[in-house]
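For reference, the structure is listed below as structure tokens.
Below, chain A is the first sequence line, B the second, and so on; all start at residue 1.
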Amino acid sequence: MLSLDGIWVHYGTVAAVKGISIEVGENEIVTLIGANGAGKTTTLRAISGLHRPSSGEIRFQGERIDRLTPEEITARGIAMAPEGRRVFPQMTVMENLEMGAYLRQDGARVKRDFEEIFHHFPILRERRKQMAGTLSGGQQQMLAMGRALMSGPKLLLLDEPSLGLSPIMTQEIAKIVRELHQLGRTIVLVEQNARMALRLAKHAYVMETGNIALHGLAEDLRHDPKIQQTYLGA
Amino acid sequence: MLIQTIANSVVAGSVYAIIAVGLAMAFGVMKMANFAHGEFFMAGAYVVYVFYALLGWPFPAAVLMAVPIVGAMGIATERLIFRPTRDNVMAGFMATAGLAFILQVLVGQTWGVGLMRSVPTPYMGAMDIFGAKIGWQRVLVLPSAVLMLSALWFFLYRVKAGKALRACAQDPEMARLQGIRINRMTMLAMAISGASAGLAGALMAPIHPVTPYMGHGVILTAFIIVVMGGMESIAGAVLAAFLLGIVHTFVTTLSDAVTAQMVGVACMALVLIVRPQGLLGRVKA
Amino acid sequence: MALLEVRALVKRFGGLVAVNDVDLDVEAGEIRGIIGPNGAGKTTLFNLISGALKPTSGTIRFDGKTVSGRKPSQIARAGLVRTFQRNAMFPTYSVLDNVMLARHTQKKANLFKAILGTDRKDEERNLLRAREIIGFLDLSEFADELARNLSHGHQRILGIANALAVEPKLIMLDEPVAGMNPTETAMVTGHLRRLRDEWNMTVILVEHDMRTVMETCDYISVLNFGEKLMEGDPGQVSRDRRVIEAYLGSEEIDL
Amino acid sequence: MIAILALASAAPFLARAYSVEVLILFMINLILVCSYRIPTMTGDWSLSHVVMMGVGAYATALLSKWWDLSILLTVPLSAVVAALVGFILVTPLIRTRGFGFFIASFALGEFVRLCWVKFRDPFGGPRGMIGIPSGELGGIDFFEPVPYYFFVLVFAFASLLVMYRIDRSRIGRTFKAIYTDAELAESVGIDVPRYRALAFATGAFFAGIAGSLLAHRLGAVDPKNFDVTTMVYLIIWIVVGGTSTFWGPIFGLTVMSVVFEWSRPLLEWRPLLFGGILIFFLVFLPGGLESLFGKIRERFFARKPPAKGSPGSSAT
């Protein structure tokens, strides 16, 4: 469904992602794990068009998307819940979700999706008239995911959904990710919380300083001592 | 006397609000600061002059014509000046100072420079409120302002495109990720900004001396309001507009117009010292 | 008494507590690492110590004087200088001029002396010291090169040179090896050790690259959720169950 | 340098009387445009700089009319007054940066200007003040253009020399460092607000000299001379020339003065031309004409740019 082939991304003269290749199949969760600063977020930003790769190819459903604008990529069915939530702080929960559905014309199905999102995240229904900026971190994360889902995406990119969340909230988010997957969503999950990500995903890529250090079935990687090494260096 | 002054304050505040809201909006969406905003106001007044005083259209129709005409000027400004200078607020601002020159010359050379073009008052007589007399023409400004601000509010909070505009102002990158096209939004913002300045000028045409340089006084007031309100906050602009309306009117009544301007600037300096982000502005984290 | 003493430091942003009741003692002459997963509060702590942010409560004492609430420039002149995550240098100036510029704080500039050119003696002394600093960090061969023409690694080292120009007692480095290749990284860690051993410099290191942290630091403080999770030497830290959990997530996650 | 001075000394004898007036005005503008560059070195673009010039002009009017001071005293004293007013104005301004600074300075400048309009006594109100003496020195009446030309030449030369020294001094370099990266400058101990205030007041000082020289020449001051329209002309000069080197503003002023004289037949259409030029430069050549030299040099001489462009410590 999605393939990255030899992607390089530079910030000025510094290479943040150094020629990585990733495959994501239909209806699967693929996770990108690694320590801070390994290049995971940059990879996601490249997929969503927020950062143009300096070389390499990104294909989505067989078509090249690495030269498209973020607006065009969203229109093709890729939605992202970004790192640090980034909800629209001075808009209500409801308005944030509406913005997620900005490009959609099918009113009836949009309505159904609202219901589906409120089913996954009941708290959002309760808070739907509240300003997004006043929500707690966990609620904002749910809203960011909900907003991404409102575009009816074929592919969902989740960037560090557990960042800064308590263990209980992290578990909550993990459960919802699994639910979404069971309902047939394709998800790319970027996580620092490797243990959680490796239990959710089928395939995993471990990034280190812009490269892919390891990749394979998540199950196999789960007990690989090398993972701890890439995080803690010893 | 007091009631008269209060009534005048409200009228002044209404005009200021219409003018400043457009400026705050353009700045909020993509940091577009329009030095020629006062000239857009002037253009609106000239639209009324041409259609109402010269061509004999009904006054309301002439006022409405200002909306598309000056709105289109806003769009043109966005395409020709703000878009090429998008990464540099100052460059865009200075370039629109050049635009102000151009508009002044074009209008001045077409309809005359020295002459004070007076537009006859379409609504004679005055309204009597508890002994205070206010010309109907001025009274008209208040409902127009209320109507215009409500329409803007409705657009921003109830219409999808308006909500998208707010999303753009809050986080342009995230707005793009929702599929919102930034370029359309900046054009829309400038259209609204221009239209509102034009509308204000059109409404004021019969009670304000119409000259190619009438924008000068307007722009200073508008910038004071926007700085006081918090640069990109529309609600802040409205609040500051009415505050400044009160200050200007009262000081003008007690002293004179020049002193009123000075007190206005002093208010702005005070806000800058006490609360640099403006009355309703937010501190960026 | 420690060179840097942080007591009960708290920073709130609205409802969010970014740094919560953190104590920190950094002794003169040590290299201290501050680590923690993304969002643990490292950057906030860093900005609080350097004066870029004002603490909600708590105190920071440096070299016996309270510095919390001071301006960054005052803290820098007191001898506590920071570097930046980005390549912090003046790109259109030569390497030598960068360091010279940073040395301007050594003596108050005087407009009249500057116009008349009578501050030449100070300038000569500054030049000598600037060359010494550049030499220490192996940048001598680039002394007259514009900063923007340097490689990424050398630009970052120039950032350290600019910090040293202020004659600090303590330098705080924000991810000094980010984006560097292994050779460059080794260069930087080498410089840091020599700074400690030869110039008796105190160093605080906030860094993501764990290998660098474990190899370079004498002592490490780990943050998580804005609080201090633990402290210890590199061996203790890398074996600590709480640290591993903070980084990799809990083993007992229930799905 | 000597060649330019020699040429400047010979100029009034070669030119017609009208041209001498133009040259006097040009040199006054030269001081003004160079002084404007000083605060912009720190990144602070002010919209009140011509008001600072006005402060100098009004100070001269008052000093020479009331106390009958010699022109040798009025010029420097007016500059000091302008610097002081600049210091007062910049105090609230320093809390803003970039665009906020720009428009807040506009409003504060208007405040000063409105003072002149408002207080007939001593400022003469909306019509300004007239009857400012041209000054005389050692029996030479400066009402005559040629002697006054040399008087202005001396001040212009001295002012430019000092401003050049500031540009090259460590203070100038500190100003530029603040512009390049204020946060970094702060981190190496530079008291950024203090230096920004210093730059603003220094700029006001030299603008005050320009204003004083102008007041003596015109014999009158008018608040309208220092309004935002004049300010935009100043901005046009500096945008056309560029600000990254000392020579940019001078170059911009020279080119635009030629355009100004040459476009006299356009009459009232002239502001349109200048507005168009301003837009053109900001949109297509934001670095000003001086940036063209850099581009040409890069294209034809593929070597390192000479030390002139870079404020090197060895250059002074």
Counting heavy-atom pairs under 4.5 angstrom with chain B, the leader among Val239(D), Leu273(D), Val232(D) is Val232(D)
Measuring only between side-chain heavy atoms, which start at C-beta, is Phe111(D) closer than 4.5 Å to Val263(B)? no
Please classify the contact of Thr85(B) with chain D as side chain, backbone, both or neither, using a heavy-atom distance under 4.5 Å. side chain
Where on Met268(B) is there a heavy atom nearer than 4.5 Å to chain D: the side chain, the backbone, both, or neither? side chain
Contact class of Asn88(B) relative to chain D, heavy atoms under 4.5 angstrom: neither
Structural part of Phe101(D) lying under 4.5 Å from a heavy atom of chain B: neither
Side chain, backbone, both or neither: which part of Leu108(D) has an atom under 4.5 Å from a heavy atom of chain B? both
Take a 6.0 Å sphere around CZ of Arg181(B) and say whether it holds more than 12 heavy atoms from other residues, nucleotides or ligands. no
If you count heavy-atom pairs under 4.5 Å with chain D, which of Met90(B), Gln109(B), Gln104(B) comes out on top? Gln109(B)
Check each atom of Ser255(B) against the heavy atoms of chain D and say whether the ones under 4.5 Å are side chain, backbone, both or neither. side chain
Picking from Gly100(D), Gly275(D), Cys115(D), which has the most non-hydrogen pairs under 4.5 angstrom with chain B? Gly275(D)
Within this structure, what is the CD1-CD1 distance for the pair Ile81(B) and Ile279(D), rounded to the nearest 0.5 Å? 4.0 Å
Locate the shortest heavy-atom distance separating Ala104(D) from Leu272(B); write the atom from each residue and the value. CB-CD1, 3.5 Å
Under 4.5 Å from a heavy atom of chain D, the part of Phe27(B) involved: side chain
Minimal non-hydrogen separation, Pro271(D) against Val105(B), with atom names: CB-CG2, 3.5 Å
Hey, what do you get for CZ (Arg95(D)) to CD (Gln277(B)), rounding to the nearest 0.5 Å? 9.0 Å
Heavy-atom distances under 4.5 Å only: say whether Thr91(D) touches chain B with side chain, backbone, both or neither. neither
Would you mind checking which part of Pro92(D) comes under 4.5 Å of any heavy atom in chain B, side chain (CB onward), backbone (N, CA, C, O), both or neither? both
Bottom line for Phe102(D): the part with an atom under 4.5 Å from chain B's heavy atoms is side chain
Test side-chain contact (heavy atoms from CB on, under 4.5 Å) applied to Trp269(D) and Leu106(B), step by step: CA-CA 8 Å; Trp269(D) 289 90; Leu106(B) 288 178; 4.0 Å; yes
Val228(D) vs Ile219(B) side-chain heavy atoms within contact, under 4.5 Å: no
Answer whether the closest heavy-atom distance between the side chains of Ile103(D) and Met231(B) falls below 4.5 Å. yes
Distance check, rounded to the nearest 0.5 Å: Asp227(D) atom CG versus His216(B) atom NE2? 6.0 Å
Give, as side chain, backbone, both or neither, the part of Glu110(D) having an atom under 4.5 angstrom from any heavy atom of chain B. side chain
Do the ring planes of Phe101(B) and Tyr233(D) sit parallel (below 30°), tilted (30 to 60°) or perpendicular (above 60°)? tilted
I'd like to verify something: which residue of Pro84(B), Gly108(B), Ala100(B), Ala91(B) has the highest number of heavy-atom pairs under 4.5 Å with chain D? Ala91(B)
Among Val226(B), Leu220(B), Leu103(B), residue most engaged with chain D (heavy-atom pairs, under 4.5 Å): Leu220(B)
Please classify the contact between Leu114(D) and chain B as side chain, backbone, both or neither, with a heavy-atom cut-off of under 4.5 Å. both
Which portion of Leu270(B) sits near chain D, non-hydrogen atoms under 4.5 angstrom: neither
Quick one: of Thr259(B), Ile224(B), Thr96(B), who has the most non-hydrogen atom pairs under 4.5 Å with chain D? Thr259(B)
Counting C-beta onward and ignoring hydrogens, is there a side-chain heavy-atom pair between Val227(B) and Phe106(D) closer than 4.5 Å? no
Are there over 12 heavy-atom neighbours, none belonging to Ile130(D), within less than 6.0 Å of that residue's CD1? no
So do the side chains of Phe223(B) and Leu47(D) get within less than 4.5 Å of each other, counting heavy atoms only? no
I'd like to check Lys31(B) versus Phe99(D) (side-chain heavy atoms, cut-off strictly below 4.5 Å). Are they in contact? no
